[in-house]
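Just so we're clear, the structure is a prediction, and the values are computed from it rather than from any experiment.
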Amino acid sequence: MRGPTTILTHNPEDSSDEPREFVFDYSYWSHDGCKEEGNGYYSPDKSHPNGKKFCDQRTVYDDLGKGVLANAWKGYNSTLFAYGQTGSGKSWSVVGYGENKGIIPLFCNDVFKEIEEKRKAADGTSYEVSFNMLEIYNEKVRDLLNPKKSNLKVRQHPKKGFYAEGLMTYPVDNYEEIESKMEEGTLNRTVASTNMNATSSRAHTIVGITFVQKFKNAAGEETAKTAVCNLVDLAGSERAESTGATGDRLKEGAAINQSLSSLGNCIAALADRSSGKKVRIPYRDSVLTKLLKNALGGNSKTIMIAAISPADINYDETLSTLRYADRAKQIKNVATVNEDPTEKMIRELQEENERLKEMLKSGKISVPVADEDDMDENMTADEKAALKKEMEEDYAAQLDENAREMEEMKKAFEEKLKAAREAGSTKNNEMNEKKKALKNTPHLYNLNFDPQLTGHIFHLLNNDETIIGKDESSNIRLNGPSILNKHAIIRKTKGKFTIEKASSESKILVNGQVINETEELEGYDRIMFGTTQLFVYANPSDKKIDVTFEMAQQEIARNSGLSMNDGDDDRPLSKDELILNEDMAEIVPAIEEANSISEELNKKRKFELLLVSAEARGENEGRTKIFVKMKNLENNLEWVWPKEKFMNRKYVMQELFEKYQDGESFEVDKSRDPFAEDEDAEVHVGSVKVWTQSLSYVLDAKEQLEILDFKGNEIGKINIELLPCNKKGKVLTDKDDIWVDKPEDLIGKDLHFIFKILSARGLPSRFKEFYCKYQMYGETEWTNTKTISKTTNPDWNFDKTYHYENISEKLLEQLKSNAIMLQLWGVQKIVQQRNITNTKSALLKEASNQGRSLNVENGSKKVDINKVKYSMELAVMKKRATKAEIKIAQWRRLVIMAEEQNKSKVSTKIIKELFHSHTSDEAEKCYKLLAKEKDDDNEQGGKSSTCVLL
């Protein structure tokens with residue numbers, strides 16, 4: 001960060017990439033350079049190198065939040081939203097933690113401070129503040145302050161724009177009430193997160209604050225100046241940017257991705273419009289963009305916070321976020337003050353209702369100006385009909401909304417405030433009593449991906465027997481994949497607590513290990529019910545231990561059969577090891593969850609974990625990465641997905657499971673089914689490294705090499721040839737061999753060779769066709785062989801000639817030390833079709849055969865990958881030895897011929913020509929020169945031009 005400029009200095013994938021600079025209104029550094037004060041607040045540390053540029057929460061609020069507050073007093077709508085990848089600081093900036101309060105609480109606190117100051121003037125102005133809090137998850141809108149309303153419809157109003165129908169807005173008259181409402185909303189958010197198997201990063205949270213100033217204008221009319229402030233904490237952006245596969249049709253499949261992608265599309269379209277282009281703004285493509293329409297392109301002053309990570313492993317996400325923000329800053333909004341006489345507003349609402357009634361009665365639906373952005377001349381008849389139907393529903397809802405708004409205007413603020421407090425007092429008292437009991441009573445509390453949401457769900461263990469399950473009769477009700485009606489029983493005996501299965505099919509982990517018998521619980525044990533419900537057992541009498549979600553996830557991963565590298569005292573973990581550990585901790589529970597959802601929805605799919613080295617996935621270099629194999633249990637077809645693609649699909653699985661739990665239809669077409677794959681899709685069968693060291697000596701290589709699959713197993717052999725040739729493509733023979741003794745002799749010269757992929761033998765019978773592809777040095781496009789079908793012993797007889805002119809040191813080094821990564825691809829065939837009616841029983845059968853429920857393929861090498869390299873190097877050494885023996889024989893013959901001709905000396909000219917001869921014909925020419933050469937150089941005096949062969 002340098003002033004308002006954010007500089008991306010280093011691309012870990014390309015060191016030659018130039019630094020990238022982005023200029024914004026502000027650029028804040030908060031990664032380090034701070035110290036914790038006695039009260040827990042983080043302030044700049046002047047002794048740290050980055051202390052001068054560290055920005056604390058107050059600085060961010062002074063720069064951004066105060067602007068929102070000033071706009072509210074003037075009567076402007078304002079929106080502030082935070083965008084960026086999970087863990088980059090969005091919630092920290094917008095909400096904050098503990099003493100490090102973010103923009104929302106600081107804004108709310110200052111609103112009431114200024115109201116108190118204004119009230120002292122006693123000018124007759126009255127002030128009203130109301131608060132709401134909603135969440136968008138899987139395109140569903142939930143009222144976080146009234147969790148019974150879990151699927152609010154989004155409607156459009158001619159004055160209000162898009163709004164969530166039925167969203168409760170609570171009047172408040174002090175900051176403490178807002179704090180209480182925010183805590184209540186966070187708790188409900190957490191409960192929903194647990195019930196829906198989601199984490200905070202998968203949902204958008206919008207805090208709405210409506211600020212009304214009522215006074216009499218110059219004409220003596222009762223006037224209201226209204227400002228609506230939306231403070232938005234968006235979901236993590238990384239899932240919208242990476243799928244792990246180019247063109248994955250499910251990139252837009254997950255609802256979270258749909259909304260973020262739609263937001264990006266709207267921002268891009270608005271930026272284009274600001275530059276003068278005539279484009280459609282697709283607000284209606286998602287619930288999020290509907291609710292943010294006013295903020296993005298309407299009557300609102302809008303601030304965007306782009307939160308980024310300084311870690312080089314997040315380079316791509318960081319660059320994407322900065323580009324996103326750079327695009328957003330091009331949008332120009334024109335905001336107006338929301339000021340109307342109250343009586344005039346009521347009159348206009350009455351007139352609007354009459355107009356709506358007449359329009360709905362006649363069936364003549366006209367498109368209002370507010371909807372013109374959503375219209376497109378290329379829309380199909382069905383799309384136009386769907387839009388018309390949606391507008392009809394909006395107009396009908398407007399009638400009720402207008403009537404409700406008129407009634408609200410007639411009520412005094414004090415009356416509304418009193419009613420709201422009475423409604424919430426009983427609930428608050430119950431919650432406070434329950435919190436007090438936690439200090440003395442053993443209980444369970446939740447663990448969540450977001451630390452802000454950890455510990456908000458708690459269940460007191462007051463009974464001698466506590467039944468846990470999804471049945472209504474359970475003492476603790478849980479939902480989620482693999483949760484049974486009666487799942488677990490916690491018993492209290494003589495002050496000790498034990499846990500056991502309530503059914504033989506129950507899945508319970510304690511500290512990451514499966515339990516099959518009664519287990520005694522100890523303080524701060526981690527308990528996983530099913531595959532998503534993660535809790536901690538806490539007994540106030542035990543010494544407190546800090547337990548984190550990440551700790552519990554890593555524990556589960558370690559006990560699943562994976563060997564996680566924890567480093568040692570002498571050697572810290574490398575960056576690659578840290579990344580792999582983090583990925584494993586995330587992916588293992590996710591695979592268990594996917595298998596459980598497959599069981600519940602009877603999808604007949606099984607998921608397994610693969611740890612795949614760079615060589616096994618067909619790459620020359622790189623770290624070991626996590627992949628997930630999906631197996632069709634009916635026909636044994638298998639597909640291997642990168643981690644990102646699997647996680648992206650898992651979120652869609654969760655969406656389908658939620659519909660299943662709600663009793664809705666969860667069947668979707670194949671293009672949106674996260675369990676579906678094209679049975680005729682090409683899949684990666686295996687790889688082999690073709691080392692090119694022989695070419696650096698201009699020697700041929702004819703090898704039969706082993707092909708290895710993802711797991712390091714040999715799955716067949718392939719026959720390849722590397723043949724040096726001349727410029728016309730004629731293969732060099734022994735007669736015209738031009739091999740070099742030292743590879744460095746090739747620098748500056750030309751090299752021509754033919755690469756042949758002849759055939760493969762003994763390939764897996766579960767494939768019906770095969771082809772190979774590779775990239776030669778310097779190529780950016782893949783070269784493919786033809787596809788051979790109906791055989792496991794394909795003959796491709798492929799060849800391609802390569803011409804490299806003026807060999808550079810860099811290319812020579814690649815030839816000497818690197819390899820061509822040859823990939824084998826194929827299409828699977830259905831070997832045996834099985835009729836599986838129950839996914840659960842099929843998975844249990846496979847699990848019993850394998851010995852555990854989560855099958856982990858750790859990618860251990862069954863065949864030494866370096867064996868190919870050593871084999872080819874040995875062949876090169878043999879050829880070089882053969883060439884050396886030929887050369888020695890030529891020298892020996894020269895000496896014998898010199899002795900037979902009584903030559904005491906041989907000229908350096910002959911020696912040099914013989915040394916550089918590549919063929920027997922060239923050597924013969926040197927022998928003939930020997931016979932013609934006279935042996936009298938020394939007799940003539942002067943310097944000798946010969947050397948003596950000893």
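- Put simply, the side chain of Glu714 never gets that close to the backbone of Leu708: no donor and acceptor are under 3.5 Å apart.
- Between the side chain of Asp750 and the main chain of Asn806, a donor-acceptor pair closer than 3.5 Å is present.
- A distance-only check finds no donor-acceptor pair linking the side chain of Ser696 to the backbone of Pro743 [under 3.5 Å].
- Checking side-chain atoms of Gln828 against main-chain N and O of Phe767 turns up no donor-acceptor pair under 3.5 Å.
- Here CD of Glu781 is found 10.5 Å from CG of Asn784. Values are rounded to the nearest 0.5 Å.
- Salt bridge absent: Asp576 and Lys625 never bring a charged side-chain N and a carboxylate O closer than 4.0 Å.
- Using modelled atom types, one side-chain atom of Asn726 and one backbone atom of Lys730 make a donor-acceptor pair closer than 3.5 Å.
- With ring centers used as reference points, Phe646 lies under 6.0 Å from Phe607.
- No donor-acceptor distance shorter than 3.5 angstrom exists from the side chain of Ser817 to the backbone of Gln814, with no hydrogens or angles considered.
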Working for side chain to side chain contact (heavy atoms under 4.5 Å, CB included), residues Lys756 and Ile754: CA-CA 6 Å; Lys756 289 189 175 185; Ile754 301 171; 4.0 Å; yes

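- In this structure, Lys786 is not positioned above the aromatic face of Trp796 in the sense of NZ or CZ being under 6.0 Å from the six-membered ring centre and within 45° of the axis.
- A donor-acceptor distance shorter than 3.5 angstrom exists from the side chain of Thr321 to the backbone of Glu317, with no hydrogens or angles considered.
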So Glu586 and Lys643, salt bridge (charged side-chain N to carboxylate O under 4.0 Å, His left out) or not? Walk me through it. CA-CA 10 Å; Glu586 180 183 12; Lys643 169 183 172 265; 3.1 Å; yes

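- Between the side chain of Asp795 and the main chain of Asn797, no donor-acceptor pair closer than 3.5 Å is present.
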Would Glu615 and Ser687 count as a side chain to side chain contact (heavy atoms under 4.5 Å, CB included) if you check the C-alpha gap in whole Å, the side-chain angles of each, and the deciding distance to 0.1 Å? CA-CA 7 Å; Glu615 292 91 344; Ser687 305; over 6 Å; no

Side chain to side chain contact (heavy atoms under 4.5 Å, CB included) assessment of Val640 paired with Val628: CA-CA 6 Å; Val640 176; Val628 176; over 6 Å; no

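- Considering CZ of Phe770 and OG1 of Thr787, their distance stands at 11.0 Å, rounded to 0.5 Å.
- With no hydrogens or angles considered, a side-chain donor-acceptor pair links Tyr777 and Thr692 at under 3.5 Å.
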Step by step, work out the salt bridge (charged side-chain N to carboxylate O under 4.0 Å, His left out) result for Arg766 and Glu638. CA-CA 10 Å; Arg766 66 186 188 88; Glu638 297 176 354; 3.7 Å; yes

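- Side-chain atoms of Asn719 do not come within 3.5 Å of backbone N or O of Ala760 as any donor-acceptor pair.
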Quick one, Lys742 with Glu744, criterion salt bridge (charged side-chain N to carboxylate O under 4.0 Å, His left out). Give me CA distance, side-chain angles, the key distance, then yes/no. CA-CA 5 Å; Lys742 294 186 300 178; Glu744 289 72 20; 5.9 Å; no

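- For the salt bridge (charged side-chain N to carboxylate O under 4.0 Å, His left out) with Glu677, the lone residue among Lys629, Arg649, Lys670, Arg605 that qualifies is Arg649.
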Stepwise salt bridge (charged side-chain N to carboxylate O under 4.0 Å, His left out) test for Asp326 and Arg20: CA-CA 12 Å; Asp326 195 55; Arg20 300 168 187 262; over 6 Å; no

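- You'll find the ring centres of Phe710 and His684 inside the 6.0 Å limit.
- Looking at Glu779 and Tyr774, their side chains never bring a donor and an acceptor atom within 3.5 Å of each other.
- The aromatic rings of Tyr804 and Tyr802 sit parallel, their planes meeting at an angle under 30°, below the 60° perpendicular limit.
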Let me see the working for Ile747 and Leu812 under side chain to side chain contact (heavy atoms under 4.5 Å, CB included), right down to the final yes or no. CA-CA 7 Å; Ile747 296 176; Leu812 180 63; 3.7 Å; yes

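- Each of Val685, Ile707, Ile788 was checked for a side chain to side chain contact (heavy atoms under 4.5 Å, CB included) with Leu763, and the lone residue meeting it is Ile707.
- Atom CG in Asp583 sits 9.5 Å away from atom CE in Met647 (nearest 0.5 Å).
- Without hydrogens or angle criteria, Thr785 side chain to Phe798 main chain gives no donor-acceptor distance under 3.5 Å.
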